[in-house]
Amino acid sequence: MTAATRSFPAPLAPIAPWRPLRGLLLAATAAAAATALGSLGWPQAHGLSALTLAIAIGLVAGNLLPARAIAASADGLDLARQRLLRAGIVLYGLRLTFQDIGHVGLAGVAIDAAVLCSTFALACTLGPRVFGLDRTTSLLIGAGSSICGAAAVLATAPVVRGRPEQVAVAVAAVVGFGSLAMFVYPALYHAVAATHPVSATSYGLWAGSTIHEVAQVVAAGHAVGETAADTAVIAKMVRVMMLAPFLVALSAWSARSRPAASGQPRPPIVIPWFAFGFVALSGLRSLDVLPAAALAVAGNVDLALLAVAMAALGLTTRLSAMKAAGLAPLGLGAALAAWLVAGGAAINAGVAALAG
C-alpha cells in the first residue's frame, strides 16, 4: 500500500463538556441517597457505611433503569468511576497520620504487614486454583480482604484493569463477610474471655488488623468497649496506610507477570500516582498544620467523591454479569474471612510472643 492510498483512522471527536453531566448527576443522586441513609441510626449501628449503600443503590438503579439511559450516561459514569475515585483515594490520606504507627508500635505494624501479605497471597493462590476465578477478580477480592474493604478494591481496580462487573463482585464478597465479622468478633471475644483472660487491647489489635472495613472495625470495637475500639481503629489506620506501597508493588508485579505479546516487550508498569498523593496528604496531616474545620470539609468532600464513584460502579454493573461469576467469589471471600479470623489470631499471638 502506497502513501497515496494508505488510510488512516478518523480522529476521535472531542467530548462536549456537557456530556458527562447526565452520568455525574445520576451517580450523585444515588450517592446523596446513600449518604442520607447512612446517617440514620440503624445503618450506623450495623456498620453499613455510605459507600456500601451507594453501590447497593447504584446496582439496583442500574438494573431497573432502561439500558439506553445508562448508555447515554456512560461518559459521566466513567468519569466518576475513574477520576473522581482517584481524587477520593488521595483525600482519604487526610484521615491518617504517621503518628498512628507509633501508637501500635513495631509489633502492630508487623502484625498488619503479616496479615496483609498472607491474606493477599492466599487469594492469589486459592482464587484461580481452587475456586476457578480469573486472576483479576482474585486480586480484587484479595486486596479488599487484606487492606480496607471496598475502598481497597476500588483503588486496586485501575492498577489491575478490573472491569465493572469484576469490581462489583469483589466489593460484594468483601462487604458481605466484613459485615458478618462485626457480629462474629465480639461473640468470639466473649466466648474466649469466659474461660481465658483476654485484654481489650489485644482484642482491638486483632480486630483492627483483620476486619475488612473501617466502619466495621469501629462497630466491632465498640461492642467490647472504648479501649478495644481505640486500639482497633489505630491498628486499622496503620493497615490502611499500607495501601500505597501495596499498589506500587502490585503494579510492578502485574506488569512482570503479564505475558507479552509475540515479538512485543512486556507491558509497562502502571504507576498509581494517586497512591503517592495519598501518602503526601497523610504526611501533611501528620504535621498537624491543618485546622480542624479544613479537615472536616476535606472529609466530607472525600466521602462524597467515593460515594459517587461507588454509585457509578453499581450503575454500570449488570446483575447478569455478576450471576455469571457464580458462587466462586463468595467461596473465596469466605475462605479469606476464615483465614482472617483464625490465621489473624495466630499471627497476633505469634508476634506478641516474639515481642515479649
Side-chain angles (χ1 to χ4, degrees), residues 38 43-52 92 95-96 100 103-104 108-120 122-123 140-155 170-193 198-243 246 330 332-349 351-352:
Q44 288 185 347
H46 292 80
L48 295 176
S49 67
L51 301 187
T52 303
Y92 200 89
R95 299 171 183 261
L96 314 170
D100 291 334
H103 291 152
V104 298
V109 175
I111 289 171
D112 280 339
V115 168
L116 191 162
C117 294
S118 61
T119 305
F120 188 71
L122 199 61
L140 292 172
I141 295 176
S145 299
S146 60
I147 307 177
C148 55
V153 174
L154 289 175
V171 168
V174 168
V175 169
F177 289 103
S179 299
L180 185 62
M182 292 186 302
F183 306 100
V184 171
Y185 276 63
L188 288 175
Y189 168 78
H190 290 297
V192 174
V198 180
S199 70
T201 301
S202 297
Y203 167 80
L205 189 55
W206 173 52
S209 64
T210 56
I211 295 178
H212 303 62
E213 301 267 358
V214 175
Q216 295 158 356
V217 167
V218 172
H222 277 289
V224 170
E226 290 296 326
T227 300
D230 291 345
T231 305
V233 170
I234 292 172
K236 182 62 181 179
M237 290 298 97
V238 172
R239 193 166 149 215
V240 172
M241 290 184 72
M242 296 178 177
L243 177 63
F246 167 82
L330 293 179
L332 178 57
L336 297 181
W339 165 253
L340 287 168
V341 173
I347 290 173
N348 272 261
V351 172

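Taking each heavy atom of Gly142 and Ala123 in turn, the nearest pair found is CA-CB, 3.4 Å. A pairwise comparison of heavy atoms in Ala152 and Gly144 identifies CB-CA, 4.1 Å as the closest pair. In terms of heavy atoms, Trp339 sits closest to Ser118 at NE1-OG, 3.2 Å. When all heavy atoms of Ala207 and Val217 are compared, the closest pair comes out as O-CG2, 4.1 Å. Counting all heavy atoms, side chain and backbone alike, Ala228 lies closest to Tyr203 at CB-CD2, 3.7 Å.
Contacts of Tyr185 classified as side-chain hydrogen bond (donor to acceptor under 3.5 Å, both in side chains), with partners at least two apart in sequence or in another chain: Thr210. By the side-chain contact (heavy atoms from CB on, under 4.5 Å) test, Val153 is found to be paired with Leu140, Val167, Ala170, Val171, Val174, residues two or more places apart in sequence or in another chain being considered. For Thr227, the side-chain hydrogen bond (donor to acceptor under 3.5 Å, both in side chains) criterion is met by no residue, not counting sequence neighbours. Partners of Ala335 by side-chain contact (heavy atoms from CB on, under 4.5 Å), not counting sequence neighbours, listed by chain and number: Leu126, Phe131. Evaluation of the side-chain hydrogen bond (donor to acceptor under 3.5 Å, both in side chains) rule for Asn348 yields Ser209 as partners, not counting sequence neighbours. Every residue two or more places apart in sequence or in another chain that forms a side-chain contact (heavy atoms from CB on, under 4.5 Å) with Leu188 is listed here: Val184, Trp206, Val341. The side-chain hydrogen bond (donor to acceptor under 3.5 Å, both in side chains) check on Ser145 picks up nothing, with sequence neighbours excluded.
Annotation: side chain of Val104 is not in contact with side chain of Met237 (no heavy-atom distance under 4.5 Å).
How far CG of Leu243 is from OG of Ser146: 9.5 Å, rounded to the nearest 0.5 Å. The CE atom of Met241 sits 12.5 Å away from the SG atom of Cys148 when rounded to the nearest 0.5 Å. Between the OG1 atom of Thr119 and the CD1 atom of Ile141 there is a distance of 13.0 Å, given to the nearest 0.5 Å. Here Thr201 contributes atom OG1 and Ile234 contributes atom CD1; the two are 10.0 Å apart, rounded to the nearest 0.5 Å.
A donor-acceptor pair is defined here as one N or O able to donate and one able to accept, closer than 3.5 Å; no such pair exists between the side chain of Arg239 and the backbone of Leu116. Side-chain atoms of Lys236 do not come within 3.5 Å of backbone N or O of Leu205 as any donor-acceptor pair.
Using cut-offs of 30° and 60° for the angle between ring planes, the Phe246 and Phe120 rings count as perpendicular.
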